[in-house]
S.K.: 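Next up is a structure, given as structure tokens.
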Amino acid sequence: MKDPISTRDIGPRVGTPLWLYMASTMLAGLGLLVFASLELGLAQLQALMSEPLLWVLLCMIVLGELRPISMPGQPPNSGTPTSLPFSFAVVLFFGLPVAALLQAVATGVGGFVRGHAAHRTAFNAAQYTLSLGVADAVLRLLLPAVLDVPWMPDGGELLAVAAAGAAYFAVNRVLVMCAVAMHERSPLAQVMYKGLGQQVYVNGVLLSLAPLVVTAMTHSLLYVPLFAVPLGALYTSAQLSVKRDHQANHDELTGLANRSRLTVHARQEIGQAQQRGRRVGLLLLDLDRFKEVNDTLGHPTGDRLLQTVAQRLTHSVRPGDLVARLGGDEFAVLLPKVRDTASAREVAVRLRDALAEPVRLDGMDFDLEASIGIALFPDDAPDFELLMQRADVAMYVAKSGRTGVESYDPGKDRNSTARLSLFSELRRGLTDGALEMYYQPKVCLDDGRPVGLEALARWRHPSRGLLAPEEFMPVVQQSNLFRAFTGQVLDTTLARVADWREGGIDLPVSVNLSMRELLDPALPGAVAAALRDHGVPPEQLVLEIGEQALITDTEAATAAVRALRRLGVGLALDDFGTGHFTLAQLAGLPLDEVKIHESFTTRLTDDTDNGHTVVRAAIALVRALGMRATAEGVQTRELARAARDTGCHAAQGHYFAPALAARDVTGWLGGRGRGVPSGTSARRHSARRRFLPRSAPGPVTEP
């Protein structure tokens, strides 16, 4: 059976050292086979073909080619064939010409049955022919007087037979290992001595049976098949050992190396690289949206897709690179020799291109994409454990940023020393109440009146002062602090809303939710409890959900949004237009409002391309779905007017007001006719509204 992840059946490129080596070996083997056949003669060959013993031997050699004895660490169905005692016995009894012909025929049959490529089968036939030829030459050299055909060695000639067997083993191993070293681009000495002791033992046992096979041949051909019993027992025992080793070091589904083998192999390569001043690269690869395949079509289809991925990865890396499956849809590629990050990136890009080819299963086409993280030893990490961690960081960055391939960057490592320090400080800050809420007004574009507030978190750091969200939110979202953070934001905001309600201010206040917060199963309960504790009606709270939260796990996010809707709170899609979410997905979500991201809003006044047309169409569709559109990042009167004309209900931005401290909100609202309880005070503030300075932002309608 052909190994789906083997690369030895891929022919070498013409002109490469491996191609030249294999071509020269095959020519030498073919030349020796032709010479031996000519020496045999046509008449003698016809006579031998009528000999039943030769047909029995041919059958045993063919069966032996199909039952190689593998050692732990070798690929399945590879190793020393159990045909060796019979082919070597034919050399002893009949000489090289007969042995070379029988072995060539058996190698061809075995290669065809096992699905080997033609060049691999031809090389194996040449390798055996040359090895048997050297063994025959040693016999002729040591026993020139007694060697004849047919010939059976007696006890005194066994040393010469042993020397011939040793010559066969040495030549055969050198021929094979040279090809393996070139194929894997590994040092010849390293490959030559790998598993040498085991190979000497196995070949010694098999070669020692050859004189016994010759003895059996001289008595009756019926004795020859009996050797299948001990050889079968030896094969079965070796297969059990190899199977146990393979199961311990390989993934059952794909046949790739597992995490255990990757760890051992990587540590060996890092140790050698440290001595020789080389680099070792590690790529971590995670399939994008693979969960959708399992959920939609079932795990059997997902498993077949993973097997296809394993085959494509194995055939896309360089010889000598190790591909492993770590679990689920996560894979790793170890690059024992890599010049720099750019070279590793070339391999990563090649892997993504290989996976990008559509896969057809059960009449359906699947498009695969992957996110790959790169880390190098010793540039990024001094040992394998840290190398794995930092490749994982890079892969997470590639996945979250949708960039495809990312190299490790300490500045993006949430586990760096600076991040860990920030985590500890933030945890203490949450305990000590260092979180402060600022509120940015949202105004109606028709008349300029305030229609809501957005709560924005700030952290009062003990030494760095007031920190903006982008400086600490990554730590919150990537740690176990997100629940404490969400709880404190809700508690602080709703307490302020309750105070404002007592003063006559009943504006809804928005709170932002991250992906982890939205998908937290405890969130609906926490929101309901906070509303109840502060006596705030649900309609006074609006939860803003970012695009990224809705696309990461669409099914779970939709269920979470509907659970929040049942609480009666308002729901808004935040940052629309950043490129992750489509308008078609809005129809199935119970949202009240869509907030247009600043990068999208600014295109309303840009006439250099058709960007404003796209934005206008998007806003029109939002309104057609029964949702309000709010423009974010409005910095100028011109942009506010364009947003109003396009159909936006409201807007927020520095043109109207920056984020305000809680103590300043009442004054700002009072100056715009909001936040006044009743009576004379209300009339006084209304009069103040009529005499605002011309520079103060007001309604964007023309006077």
Side-chain angles (χ1 to χ4, degrees), residues 47-71 76-114 124 128 131-132 135-136 139 147-166 168-169 172 198-243:
L48 288 172
M49 289 180 63
S50 62
E51 178 66 43
L53 176 61
L54 283 183
W55 290 102
V56 172
L57 289 170
L58 177 60
C59 290
M60 298 303 294
I61 295 173
V62 170
L63 290 175
E65 285 294 315
L66 299 175
R67 292 293 182 268
I69 296 178
S70 302
M71 292 290 102
N77 296 321
S78 66
T80 305
T82 50
S83 62
L84 180 56
F86 304 101
S87 57
F88 193 66
V90 174
V91 172
L92 297 177
F93 195 74
F94 289 108
L96 175 63
V98 177
L101 286 173
L102 293 182
Q103 184 62 58
V105 172
T107 302
V109 173
F112 175 79
V113 172
R114 293 162 68 182
N124 289 338
Y128 289 134
S131 301
L132 292 173
D136 182 74
L139 287 173
L147 190 60
D148 200 359
V149 176
W151 173 73
M152 185 182 72
D154 57 29
E157 297 162 344
L158 289 181
L159 288 178
V161 173
Y168 168 88
F169 171 75
N172 189 63
Q198 294 176 329
Q199 289 298 320
V200 169
Y201 174 74
V202 171
N203 279 266
V205 170
L206 294 177
L207 287 168
S208 67
L209 293 176
L212 299 179
V213 174
V214 172
T215 302
M217 289 161 51
T218 58
H219 287 79
S220 172
L221 62 85
L222 297 178
Y223 289 157
V224 175
L226 295 178
F227 283 93
V229 177
L231 288 174
L234 185 61
Y235 168 78
T236 302
S237 176
Q239 284 297 102
L240 289 174
S241 177
V242 170
K243 185 177 180 180

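If you read the sequence from its start, that first residue is 1, and numbering goes on from there.
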S.K.: Rounded at 0.5 Å granularity, tell me how far CD in Gln103 sits from CG in Leu96.
M.R.: 11.5 Å

S.K.: Within this structure, what is the OH-CZ distance for the pair Tyr128 and Phe88, rounded to the nearest 0.5 Å?
M.R.: 14.5 Å

S.K.: Just list the side-chain donor-acceptor pairs under 3.5 Å for residues 48-59, sequence neighbours left out, or say none.
M.R.:
| residue | atom | partner | partner atom | Å |
| --- | --- | --- | --- | --- |
| Ser50 | OG | Ala47 | O | 2.6 |
| Trp55 | NE1 | Met49 | O | 2.6 |

S.K.: I'd like to know if the side chain of Thr218 reaches the main chain of Thr215, judged simply by a donor and an acceptor atom lying under 3.5 Å from each other, with no hydrogens or angles considered.
M.R.: yes

S.K.: After noting the C-alpha distance and the side-chain angles of Leu84 and Tyr168, does the key distance pass the side chain to side chain contact (heavy atoms under 4.5 Å, CB included) rule?
M.R.: CA-CA 10 Å; Leu84 180 56; Tyr168 168 88; 3.3 Å; yes

S.K.: For residues Ile61 and Ala106, report the shortest heavy-atom separation together with the two atoms involved.
M.R.: CG2-CB, 3.3 Å

S.K.: State the OG1-CD distance between Thr80 and Gln199, to the nearest 0.5 angstrom.
M.R.: 4.0 Å

S.K.: Can you give me the closest heavy-atom contact between Glu65 and Ser83, atom names plus distance?
M.R.: OE2-OG, 2.9 Å

S.K.: Provide the closest heavy-atom pair for Pro85 versus Leu206 in the form atom of the first, atom of the second, distance.
M.R.: CG-O, 3.3 Å

S.K.: Looking at every heavy atom in both Ala99 and Ser87, which two are closest together, and how far apart are they?
M.R.: CB-O, 3.9 Å

S.K.: Looking only at heavy atoms, what is the nearest atom pair of Ala210 and Ala89, with distance?
M.R.: O-CB, 3.7 Å

S.K.: So, does Ser208 use its side chain to make a donor-acceptor pair with the main chain of Gly204 at under 3.5 Å?
M.R.: yes

S.K.: Using the rule given for side chain to side chain contact (heavy atoms under 4.5 Å, CB included), can you reason through Val213 versus Leu92, listing the C-alpha separation, both sets of side-chain angles and the distance that settles it, and then say yes or no?
M.R.: CA-CA 10 Å; Val213 174; Leu92 297 177; over 6 Å; no

S.K.: Tell me if the CG atom of Leu159 is crowded by more than 12 foreign heavy atoms within 6.0 Å.
M.R.: no

S.K.: In Å and rounded to the nearest 0.5 Å, what is the CG to OG1 distance from Leu231 to Thr82?
M.R.: 5.5 Å

S.K.: Given Val113 and Val62, is the side chain to side chain contact (heavy atoms under 4.5 Å, CB included) satisfied, shown in steps?
M.R.: CA-CA 10 Å; Val113 172; Val62 170; over 6 Å; no

S.K.: Can you tell me how the ring of Phe86 sits relative to the ring of Phe227, calling it parallel under 30°, perpendicular over 60° and tilted otherwise?
M.R.: perpendicular

S.K.: Taking atom OG1 of Thr236 and atom CZ of Arg67, what is their separation to the nearest 0.5 Å?
M.R.: 9.0 Å

S.K.: Mind listing the closest non-hydrogen atom pair of Ala238 and Ser70 along with its distance?
M.R.: CB-O, 3.8 Å

